[in-house]
Amino acid sequence: MRDSKSLFEAACRRIPGGVNSPVRAFRGVGGDPFFVAHGKGARIWDVDGRSYLDFLGSWGPLILGHAAPPVVAAIVEAAASYGAPTGLEVDMAEAITAAYPSIELVRLVSSGTEAAMSAIRLARGATGRSLLVKFDGCYHGHADSLLVKAGSGGATFSIPDSAGVPEPLAQLTLTAPFNDLDAVRAIFRERGREIAAVIVEPVAGNMGAVPPRPGFLEALRELTLAYDAVLIFDEVITGFRVAYGGAQELYGIRADLTCLGKVIGGGLPVGAYGGSRRLMSHVAPLGNVYQAGTLSGNPLAVAAGLATLAQLRDRDVYKRLDALGGELERGLRNAADQAHVPLTVNRVGSMLTAFFCEGPVTDYASAKRSDTKRYARYFHAMLERGVFLAPSQFEAAFVSLAHTEADIAMAGRAAAEALAAA
């Protein structure tokens, strides 16, 4: 069997950077990625025979753990793809609309990027407006209009954050700091009647886990209603993760459009976007907002997602996830205290991030104060102790139902040793 070193060398010859997504590279922490052989429960094994306690969870969807028997059985039974409707798609639509009162109609797609891109197109088509408001550090996929960074002021136009994104397209996106209501209000005062939508991760997960301040989401709801703009919640990460009804259930706020992914695919590629019947009736073939996908509603992904959701309908599972997440948070805080290392732990349920800086961390600017060099040392020290985290300071860790109290205790001991060494 080839080892990770030879596989990475071969990958670099045929795949840009040796990885099929930049987040898999170890560029931010140094070294080369290992290659996974298989996973089971809360653990993965690499091709070199090493075992790791996994808190990456395929970047969030594996809320039941790796190779959960109900999910595997569902995939085997549904092992086909038709490009034509199946009953599974109807079952998934029923499950999503039952969990999210704000969603009356839902369209399945193949990724979170596609869901966000489609929701934005729908918002623009329904309102007849062009401008989009997003927040610094919130990632909504790699569609052109979303790959932007902030200008010098709260209401300035953005510039492209990636080569290949035309500047006139990027200028249709306005940015503001997450949790900064004054900046958002300033944008709406200046350009409110041109704004089609505000898109936000209700709990940020792509600058590390950053919860909304009290009143932030409520104010976004009020502003968008006042200016007849569409409020889009990107719940690709939080959907069915922080609660069965996602962040909207947790915080008691209904968005106009919701983007979903991750958990509803049970580890397979899937996405969805949905909202009121009024808005979703603009989508083809009912309306003139075109969106299509050959493999949308793929039976494999939908079957895996339905099997996952079936295990989550008992809301008591979220109490367990929160308890495990709380234990991990306490373990990390205690480890940092023992090592006298500045550490801020943000957590919402079973997703959390340990930032290597003094707190609080409330937005992208405060997250960027983190000591990334120390995080890199910590990452490798944890890996040496058999704990796998995201190879970036600015990502979330995820606890699954496959993790045990013993696993969490083991991670806490590893963190104490790793922080002392880092």
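Please read all numbers here as calculations on a predicted model, not as lab measurements. Basis for what follows: all heavy atoms, side chains included, without hydrogens, waters or symmetry-related copies.
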Assess the residue pair R320 and Y318 against the criterion (side-chain hydrogen bond (donor to acceptor under 3.5 Å, both in side chains)); give the C-alpha distance rounded to whole Å, side-chain angles, the decisive distance to 0.1 Å, and a yes or no. CA-CA 5 Å; R320 173 166 173 75; Y318 290 96; over 6 Å; no

Quick test of your reading: applying ring-ring contact (aromatic ring centres under 6.0 Å, His included), list the pairs with at least one residue in residues 100-123, sequence neighbours left out, ordered by first then second residue.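 Output for this query lists Y100-F240.
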
For [X], all residues meeting side chain to side chain donor-acceptor pair (under 3.5 Å), sequence neighbours excluded:
X	answer
S350	R241
K40	none
S51	R43

For V210 and M207: C-alpha separation, side-chain torsions, deciding distance, then whether side-chain contact (heavy atoms from CB on, under 4.5 Å) applies. CA-CA 7 Å; V210 179; M207 62 181 89; 3.7 Å; yes

Any idea which heavy atoms bring [X] and [Y] closest together, and the distance?
X	Y	result
A79	L300	CA-CD2, 3.6 Å
A402	D407	O-OD2, 4.0 Å
V198	F135	CG1-CE1, 3.7 Å

Tell me, please, which residues at least two apart from [X] pass ring-ring contact (aromatic ring centres under 6.0 Å, His included).
X	value
F55	H403
Y364	none
F8	none

Enclosure of H380 NE2 (heavy-atom neighbours >12, cutoff 6.0 Å):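 Yes.
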
Starting from the C-alpha separation in whole Å, work towards a yes-or-no answer on side-chain hydrogen bond (donor to acceptor under 3.5 Å, both in side chains) for N298 and S81. CA-CA 6 Å; N298 182 279; S81 183; 3.2 Å; yes

Looking at R50 and D48, is any side-chain nitrogen of the basic one under 4.0 Å from a carboxylate oxygen of the acidic one?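 R50 and D48: salt-bridged.
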
With a 4.0 Å cut-off on N to O distance, would you call D322 and K319 a salt bridge?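 No.
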
Between F216 and Y251, ring centroids under 6.0 Å: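 No.
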
I need the full list of side chain to side chain donor-acceptor pair (under 3.5 Å) pairs touching residues 202-211, with sequence neighbours left out, sorted by first then second residue.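 Only E201-N206 qualify under side chain to side chain donor-acceptor pair (under 3.5 Å).
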
Would you list the pairs meeting side chain to side chain donor-acceptor pair (under 3.5 Å) in which at least one residue belongs to residues 10-20, sequence neighbours left out?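 Residue pairs with at least one partner in residues 10-20: there are none.
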
Can you name the side chain to side chain contact (heavy atoms under 4.5 Å, CB included) partners of L62, sequence neighbours left out?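 L62: side chain to side chain contact (heavy atoms under 4.5 Å, CB included) contacts with S58, H66.
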
With distance as the sole criterion, is a donor-acceptor pair present between the side chains of T258 and Q248 under 3.5 Å?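 Yes, side-chain donor-acceptor contact under 3.5 Å.
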
What do the steps show when you test E218 against R221 for salt bridge (charged side-chain N to carboxylate O under 4.0 Å, His left out), and what is the final call? CA-CA 5 Å; E218 291 86 347; R221 177 67 285 178; over 6 Å; no

Can I get a per-line list of side-chain donor-acceptor pairs under 3.5 Å for residues 23-39, giving both atom names and the distance, sequence neighbours left out?
none

Residue pairs, two or more places apart or on separate chains, that pass salt bridge (charged side-chain N to carboxylate O under 4.0 Å, His left out) and touch residues 381-404: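 Sorted pair list: R385-E417.
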
